[in-house]
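Sequence positions, counted from 1, serve as the residue numbers for this chain. Values reported hereafter were calculated over all heavy atoms of this structure, with side chains retained and with hydrogens, waters and symmetry mates removed.
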Amino acid sequence: MLRKLGVTVLGLVAIATALSIVSHFRIAAGEATEEKRVAAALARSEFSVAELHEDIAQVRIWLATVHPEEIPVFPLAQIDEALERAEASIVRPVNHKTFYQKLAPAVHALNDEHTMLFPPDRARESSARKFPFEIAIVDGQPLIRAGAIGDVGPGDQIQSINDLPAERIIDSLSSNYAGTDKRQRLAYLEDDFDAALSLDGGTQAPYSIVVHDRVTEANTTVNSNGVLRTPVDEPAFELDMIRRGTLLFSYNAFEDDEGQFDDFLEGLFATARHEDVETLIIDLRRNRGGATEFGDRILEYLTDQPFTQLTRVDVRVSELAKQEFLRSVPGFLRWIPIQYIHPILRRLWTSNTGDVASVDFEEISPTDNPLRFHGDVYVLIGPRTMSSASLFAAAVRHYGIGTLVGEKTGGYTTMYGNIIDARLPNTGLKVWMPTSVVYGHGAGPVEPDHEVRDSAKDIAETRDAALEYVLFATAGQRNSN
């Protein structure tokens, strides 16, 4: 009897393994075919009205079959109405760029940072030169954050670019970005301003820029062909001892492509122990999320009490969702039937298409850690803090692990998440479509314990107001400004 049972179990494992191998090759072959299709679509110069309407119809299909059930704060009716308006506006053949400009505001009307249409790559191809200034947007006004030409420099206000009012440019370009509110969209526009201008035909080089000098209050016209573009490689994580006893951990993405994060963390907290660090500042203001597991690894160094960043995930079951979750599994593990072992994958593979597969998360009990940090923890947050970074900030607050400083997060603690990366059938434009509702500690954005934001004066004097607030606070002083 036991022998027969063993043979049966081995047979089932063999069948499951064979199916997993077939699935692995099917996904790989499908990805290769899709890459060829997308390349051909992106090479085209124009699309018929019928093709463009078909692409909009595909967005509706994904919303109906892949997108999770509605979160009340992000009502799906908003995007339905916006898609209708976009479809009605397309009455003649257009190119990628024009179609994107019509469809992006509709897709982004959901006000969800994970439901997003990406611009065509060809419309944003980088030339050797770029817009001569980095900008900051304060109270709706674009200010120069970095870069100087003549007497024009940080803190001065851009009035117009090539005779187009700056406020109108900002308002128009902000709709190209997904976000929970205008504050978050404008933050992403700040970061991407040079590339965003490439989508607006009237704001190409050469530039004629009218700038209002904050000191003399006179307007100056700056003529520029742009400045040389230099590669910028922002690391996902870096460490800086900014003064004796204070470490700054800049964490820009919950990612670890090079497999270095665990060693980095061990080195960070070993340094904290060796240098008698009393204050750890974790800067999440440029962190757009990634995998929550990296946040878990940090929290294990910060607390000896049970914790979790996630409380529940509800996944809308679809073939696209299954494929996307399976892609997240390392290649060497796809050869075993991991979809029947992993808690989320098992729910997906054993549920019917269209069902909601729910997974509850239990608290993690940290193991003994000789490098656990016992000093003060401050977390800097802001409108760019989204997705897993918002979940991390919410956990820090929920468990009393640290103090939050800055602006409220752009990301919500209950959100649409676990996206598929899809391409429209005719234009090949990339779409992010969530598959799940992700529940953290709370419902809306994470509010700071101390709200601090850069003013126009801070921009002019190249100060980091939130960081300076923490440095004053930990030196026994208060920033009274």
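- Judged purely by atom type and a 3.5 angstrom limit, T385 has no side-chain atom pairing as donor or acceptor with the backbone of N287.
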Requested in this report: Quick one: do E300 and R297 satisfy salt bridge (charged side-chain N to carboxylate O under 4.0 Å, His left out)? Show the steps, please.
Outcome: CA-CA 5 Å; E300 291 214 41; R297 295 177 197 176; over 6 Å; no
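- Residues forming a side-chain hydrogen bond (donor to acceptor under 3.5 Å, both in side chains) with N176 (at least two apart in sequence, or on another chain): none.
- Side-chain N or O atoms of T409 include one that pairs as donor or acceptor with a backbone N or O of V446 at under 3.5 Å.
- Annotation: cation-pi pair R312/Y439 present, NZ/CZ under 6.0 Å from the ring centroid and within 45° of its normal.
- Ring geometry for Y469 versus H450: interplanar angle of 30 to 60°, hence tilted.
- For residues 272-300, every residue pair satisfying the ring pair (Phe, Tyr, Trp, His ring centres under 6.0 Å) rule, not counting sequence neighbours, is listed here: F261-F294.
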Requested in this report: Please report the C-alpha distance between R244 and D276 in whole Å, then the side-chain angles of each, then the deciding distance to 0.1 Å, and finally whether the salt bridge (charged side-chain N to carboxylate O under 4.0 Å, His left out) criterion is met.
Outcome: CA-CA 9 Å; R244 183 177 176 81; D276 295 325; 5.7 Å; no
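- Side-chain atoms of Y416 and E69 include no donor-acceptor pair closer than 3.5 Å.
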Requested in this report: Quick one: do F392 and D296 satisfy side-chain contact (heavy atoms from CB on, under 4.5 Å)? Show the steps, please.
Outcome: CA-CA 8 Å; F392 179 88; D296 290 341; over 6 Å; no
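- Contacts classified as ring pair (Phe, Tyr, Trp, His ring centres under 6.0 Å) and involving residues 296-321 (residues at least two apart or in different chains) are given here: F269-Y301.
- Under the 30°/60° scheme for interplanar angles, the aromatic rings of F249 and Y251 are found to lie parallel.
- Taking 4.0 Å as the cut-off between side-chain N and carboxylate O, R347 and D314 do not count as a salt-bridged pair.
- In this view, S387 and H114, M415 satisfy the side chain to side chain contact (heavy atoms under 4.5 Å, CB included) rule, not counting sequence neighbours.
- A salt bridge links R453 with E407; the closest basic N to acidic carboxylate O contact falls under 4.0 Å.
- Between D449 and R397 a salt bridge is recorded (basic side-chain N to carboxylate O distance below 4.0 Å).
- Under the rule for a salt bridge (charged side-chain N to carboxylate O under 4.0 Å, His left out), D240 has no partner lying at least two apart in sequence or in another chain.
- Evaluation of the side chain to side chain contact (heavy atoms under 4.5 Å, CB included) rule for K182 yields D171, L186 as partners, not counting sequence neighbours.
- Under a 4.0 Å N-O distance rule, the pair R463/D454 does not qualify as a salt bridge.
- The cationic group of R288 lies under 6.0 Å from the six-membered ring centre of Y188 and within 45° of the ring axis, placing it in a cation-pi geometry.
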Requested in this report: Give the intermediate values and the outcome of salt bridge (charged side-chain N to carboxylate O under 4.0 Å, His left out) for residues D304 and R372.
Outcome: CA-CA 8 Å; D304 58 4; R372 184 162 288 127; 5.2 Å; no
